[in-house]
Amino acid sequence: MTAPAAPAWSTDRWFNTAAPLTLDALRGRVVMLHAFQMLCPGCVSHGIPQAQRVARQFADAPVTVVGLHTVFEHHDVMGPEALAVFLQEYRVTFPIAVDRPGLSGDTTPQTMRAYRMRGTPTVVLIDAVGRLRQQVFGIYDDLHLGRDLGSLVAEATLNVAAVQGP
C-alpha cells in the first residue's frame, strides 16, 4: 500500500523565510513538519529544540524542517506578534508557518484538521515525492526520528540516482 499524499498547508503568515513554502516547491526533499504551540510545555522543552537539532544535523542533506504554529487553545495570547517575540527569544531559525484558523467557528486550525492532528507537539515526516510517511503525536524519540529521517533520505537519494541513471 502506498502512503497518501500529504495535504497542502493552509497558512496565514511565515517567519524565517523570504517567501511562503509549499510542499510542491519542496519536492525532492524530505520534510519534517513540527506542529507546535508556544505555550505547550512539551513543544518548548522537547519539540522545538529537537527540530532545531534536526535542522542543524541535516543541513547538508535533502531535508527541510518547517515549523507550524497551530493554535487550538488560548487564541488571544498566541497571535503572530507574540510568536515573533517567542521565536527571537528561543532563537528559532528554521521556517515557521502560522496555521490558518478553522472555518466557521471551528477552533481547530485548517492544517491541523487536514492532517488529523490530535494536539501538539506533532511531528510529520513527508517523503521527497510528497507522501505522508510518519506522524507522531507527543515526544518523538530522537533515535527513532533519526532512523526514520535517515531512511527517507536514503530513499530520496536512491530515487534521484535511479532517475539520473548510470
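These numbers were taken from a predicted model, which means no experiment stands behind them. The first residue of the sequence shown is numbered 1, and numbering continues consecutively from there.
- Side-chain contact check for Gln57 versus Leu149: every heavy-atom pair is 4.5 Å or farther apart.
- For the pair Gln134/Leu152, no side-chain contact is recorded, criterion being any heavy-atom separation below 4.5 Å from C-beta on.
- Between the Gln135 side chain and the Tyr115 main chain, a donor and an acceptor come within less than 3.5 Å of each other.
- Scanning all heavy atoms of the two residues, the minimum distance from Asp99 to Pro109 falls at OD2-CB, 3.1 Å.
- Taking hydrophobic clusters as Ile, Leu, Val, Met, Phe, Trp and Tyr residues chained together by side-chain heavy-atom distances below 4.5 Å, Leu132 does not share a cluster with Phe137.
- Put simply, Val136 and Val153 are part of the same group of oily side chains (I, L, V, M, F, W, Y) that touch within less than 4.5 Å, one to the next.
- Side-chain contact between Thr70 and Thr111: absent, with no pair of heavy atoms (C-beta onward) separated by less than 4.5 Å.
- The shortest non-hydrogen separation linking Pro7 to Leu23 is O-CD1, 3.3 Å.
- To the nearest 0.5 Å, atoms NE2 (His69) and CD1 (Ile96) are separated by 9.0 Å.
- Looking at heavy atoms from C-beta onward, Pro62 lies out of side-chain contact with Val30 at the 4.5 angstrom threshold.
- In terms of heavy atoms, Gln52 sits closest to Arg91 at NE2-O, 2.9 Å.
- Gln50 and Asp141 get closest at one heavy-atom pair: NE2-C, 4.2 Å.
- The main-chain N or O of Ala19 is found under 3.5 Å from a side-chain atom of Thr17 such that the two form a donor-acceptor pair.
- Counting all heavy atoms, side chain and backbone alike, Met112 lies closest to Arg118 at CE-C, 4.3 Å.
- With a 4.5 Å cut-off on side-chain heavy atoms, Val66 and Trp9 count as touching.
- Side chains of Asp148 and Tyr140 form a contact here, defined as non-hydrogen atoms less than 4.5 Å apart.
- Looking at Arg29, its side chain never comes within 3.5 Å of a backbone N or O of Ala128 through a donor-acceptor pair.
- By the rule that hydrophobic residues join a cluster once side-chain heavy atoms approach within less than 4.5 Å of another member, Val44 and Val54 end up as members of one cluster.
- There is no path of hydrophobic side-chain contacts, each under 4.5 Å, that joins Val85 to Val71.
- With hydrogens and angles disregarded, no donor-acceptor distance shorter than 3.5 Å links the side chain of Gln110 to the backbone of Gly102.
- Side-chain contact between Val123 and Leu125: present, with at least one pair of heavy atoms (C-beta onward) separated by less than 4.5 Å.
- Side chains of Leu68 and Met117 form a contact here, defined as non-hydrogen atoms less than 4.5 Å apart.
- Shown here for Ile48 and Phe94, the closest heavy-atom pair between the two residues is O-CE2, 4.3 Å.
- Taking the six-membered ring where the residue is Trp, Phe36 and His34 present parallel rings, their angle staying beneath 30° rather than reaching 60°.
- Enclosure of atom CZ in Arg116 is not indicated, since only 12 or fewer non-hydrogen atoms of other residues, nucleotides or ligands lie within 6.0 angstrom.
- No side-chain donor-acceptor contact under 3.5 Å links Asp127 to the backbone of Arg133.
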